[in-house]
Amino acid sequence: MKIYSPCRLSCLCILLALLLSVASAHAAEKHSAVAFLPFTVNASKDMSYLRDGLGEMLASRLAAEAGVVAVDKKTVDAAVGAGGKVDPNQVAALAGKMGADYLLYGSVTSLGGGMSFDARVYSAATKSSETFYATAAKEGEMMTAIDNLAWSVLEKTFGKKRPGGGAAPAAAVAGAESGALQTAHPDRTFRATAGLGNSSLLWSEGSSQFFKTRNVPLSLEAMAIGDLFGDGALEVVMADREKVVVYKLNEGRLVEFAQIKPLARYKIHAVNVADLNGNGKAEIYISAADPTMPGSMAVEWNGKEFATLFDDARYYIRPVKVPGLGMVLAGQKAGTEGVAISGPIYILTQEGSQLVGGERLPVPAGVNIFDFAFADLDGDGEWEVVVLDKWNKLVVMKQSGKVLWKSEERYGATKRFIGGKSAMQMMQQTGARRGATKEVDGDVLFEELYIPSRILVTDVDGDGVDDIIINANTPTWTSLVRSSQVFESGTMIGMKWNGAGLQELWRTRKVGGYVVDYDARSHHLPLKDGVEQLYVGVVAQGSFGDVLTADESMLLVYPLQFKAPEK
């Protein structure tokens, strides 16, 4: 019989303990249960195969590399329910219901020829979530992007090392650092010789991409940008119907900074940012209303918080650039006899915490506050009025109301509206359907009135003549109730006056989803190196045929730079 020395026996015990600890860790790792929930697919074409398929691909990779066990699909389907939508506030309950150590869920977005993958991993042990992101510049690179996404989860959540020294491909690293999807620039669809004379334009070779931020959990209703803190940097302001969220744009990532909420009875339909009091810090102007009247408000950063300048104001509001006056706050009151908005558009001044209407704006009769912009389209020093009419046709008028031109195409369609049935009317109708005896008032105080997209006026090419930037959304089907429409895709369009009408010069590639709102850097800060930046807010569109309301939004940023052709 061999007799081991105490020293050697001690070493063997230590080695055995180490082996047992490694085996225990490996066994525990193998038994980590991960529930792979259905991914939300935001695409204008049918990519529904990714809804469950992406989770299955990630489950296979994580099982092979980290030994995790996927929760049975039937268990997942039973817990998540029909539609597969995941409420971030319910993930802890979902994990407990399925007995999962981790939940993995997220979304896939297809736009501009590229794809982005936003994933979130919830840990039941720490009761916290981590976010992950990967992109593919084109559909053919999808598998590489999914592989990068899987390894990001494996490294951060399960402590595994990526093969090849742990380095991701250069393109993937760039995307991860900025949090942005880099993709192709707006299509070069210029018609430079069609009556534009010396205004012929070309894309600058120096600005060949746009980027997309990570998705945010917001059903976007309106957005704007501005320098809210007076530090020369732009903040992004995004709103749903209930609240306004201020984001800092940090290396391509939207980082939430603050929330502002109007009174609960009012729903938000427009948000604008402008420094109207000239103190170097832009204010946020929130136009909101219930079905019977407006209740708008404005806030400004006071160094500690967003302080209220006024609220519960009985005007629909927005800042407007007026010839000879510059930027002013304009307002219009609620209408009567079933009309949600009507009457003169006033220049508003603030007296204490109240808004007071003063001089009327010189706009043609029947034009509402959200329908128009002033622009000097031909450079003659006289301003025209550019209007979106109720059929979403673009109209150029003299201030007298004389029509100079009207488009054949439709632009600026949105889902946002004012008016409609009040909460009381909805309750009455619900009660009537359930057999209530109370008589239902079938009259709607205000008929629904849809608010078009903003008409951006900016001199992108630097020739001293105003250009128009506007959007166009393509519906998948037509509905009598526009708010229930599904917009299949959207695009941004640049236009210029050619002497006879507004002519399209360029348009971006179509993005899958609903282009909600947009703003231009030049409206708030001097252009950086002569490059205009167009910020576009998009609501993610579900898979083809999916008419559920999207609950994710994104921001696209286009650098726009033009130059005259060399002579």
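For N473 (side chain) and A413 (main-chain N/O), a donor-acceptor pair under 3.5 Å exists by modelled atom type. At least one donor-acceptor pair closer than 3.5 Å links the side chain of T213 to the backbone N or O of L555. Side chain of T491 to main chain of T508: a donor-acceptor pair is present (N/O by atom type, distance under 3.5 Å, no hydrogens or angles). Put simply, the side chain of D517 never gets that close to the backbone of A222: no donor and acceptor are under 3.5 Å apart. Formation of a donor-acceptor pair under 3.5 Å by the S287 side chain with backbone atoms of S296 is not found in this model. Judged by distance alone, with hydrogens and angles left aside, the side-chain atoms of R416 form a donor-acceptor pair with the main-chain N or O of E221 at under 3.5 Å. In this structure, N392 contributes its side chain and Y411 its backbone to a donor-acceptor pair below 3.5 Å. Side chain of S152 to backbone of N148: a donor-acceptor contact under 3.5 angstrom is found. No donor-acceptor pair closer than 3.5 Å links the side chain of E235 to the backbone N or O of V246. A side-chain donor-acceptor contact under 3.5 Å links Y514 to the backbone of K415.
Distance CG/D147 to CG/L58: 10.0 Å, rounded to 0.5 Å. Taken to the nearest 0.5 Å, the CG atom of L50 stands 9.5 Å off from the CZ atom of F39. For the atom pair OH (Y266) and OG1 (T292), the distance works out to 7.5 Å, reported to the nearest 0.5 Å. Between the CE atom in M492 and the CH2 atom in W506 there is a gap of 6.5 Å [rounded to 0.5 Å]. Atom-to-atom distance recorded for T157:OG1 and E155:CD is 10.0 Å, nearest 0.5 angstrom. Remark: M297 CE to L309 CG distance equals 8.5 Å, nearest 0.5 Å.
Within the 4.5 Å cutoff, the side chain of T40 has no heavy atoms near those of the Y105 side chain. Between R521 and L234, the closest side-chain pair of non-hydrogen atoms falls below 4.5 Å. Contact annotation: the side chain of V515 never approaches that of F487 to less than 4.5 Å [non-hydrogen atoms, C-beta and beyond]. Side-chain contact between K127 and Y122: present, with at least one pair of heavy atoms (C-beta onward) separated by less than 4.5 Å. Side-chain contact between Q533 and Y535: present, with at least one pair of heavy atoms (C-beta onward) separated by less than 4.5 Å. Residues L154 and R162 form no side-chain contact, since every pair of their non-hydrogen atoms from C-beta on lies 4.5 Å or further apart. Between D519 and L456, some side-chain heavy-atom pair lies under the 4.5 Å cut-off. Side-chain atoms of D311 and L263, non-hydrogen and from C-beta on, never get closer than 4.5 Å to each other.
Checked against the 6.0 Å centroid criterion, the rings of W301 and F257 qualify as a close aromatic pair.
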Derivation and outcome, side chain to side chain contact (heavy atoms under 4.5 Å, CB included), residues L254 and L249
CA-CA 5 Å; L254 290 173; L249 191 57; 3.7 Å; yes

- Evaluation steps, salt bridge (charged side-chain N to carboxylate O under 4.0 Å, His left out), between E242 and K267: CA-CA 6 Å; E242 313 293 334; K267 304 304 179 187; 2.9 Å; yes

Side chain to side chain contact (heavy atoms under 4.5 Å, CB included) assessment of L525 paired with D227
CA-CA 8 Å; L525 292 175; D227 181 6; 4.2 Å; yes

**OP:** Dump the intermediate steps for salt bridge (charged side-chain N to carboxylate O under 4.0 Å, His left out) on E300 and K281, then the final yes or no.
**Re:** CA-CA 8 Å; E300 183 182 43; K281 295 183 295 184; 5.5 Å; no

CA sep, side-chain torsions, deciding dist, call: V68, Y102, side chain to side chain contact (heavy atoms under 4.5 Å, CB included)
CA-CA 10 Å; V68 305; Y102 299 93; over 6 Å; no

Might you work through the side chain to side chain contact (heavy atoms under 4.5 Å, CB included) test for F370 and H269, ending with a clear yes or no? CA-CA 10 Å; F370 301 109; H269 52 259; 3.7 Å; yes

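Residues I146 and M57 approach most closely at CD1-CE, 3.6 Å, considering heavy atoms. Nearest heavy atoms, I469 versus Y518: O-CE1, 4.1 Å. Nearest heavy atoms, S553 versus V539: OG-CG2, 3.8 Å. Shown here for S489 and K510, the closest heavy-atom pair between the two residues is OG-CD, 3.6 Å. Taking both residues in full, the closest heavy atoms of A239 and I268 are given as CB-CG2, 4.1 Å, listed atom of the first, atom of the second, then distance. A136 approaches A145 most closely through the heavy-atom pair CB-CB, 4.0 Å.
Around NZ of K248, the count of heavy atoms belonging to other residues, nucleotides or ligands within 6.0 Å exceeds 12.
Using bins of under 30°, 30° to 60° and over 60° for the plane-to-plane angle, the ring pair F310/Y285 lands in the tilted bin.
Judged by the 6.0 Å distance and 45° axis criteria, R241 is positioned over the aromatic ring of F417.
A donor atom on one side chain and an acceptor atom on the other are not found under 3.5 Å apart for S123 and S128.
For D118 and R214, the salt-bridge test fails: no basic side-chain N is under 4.0 Å from an acidic carboxylate O.
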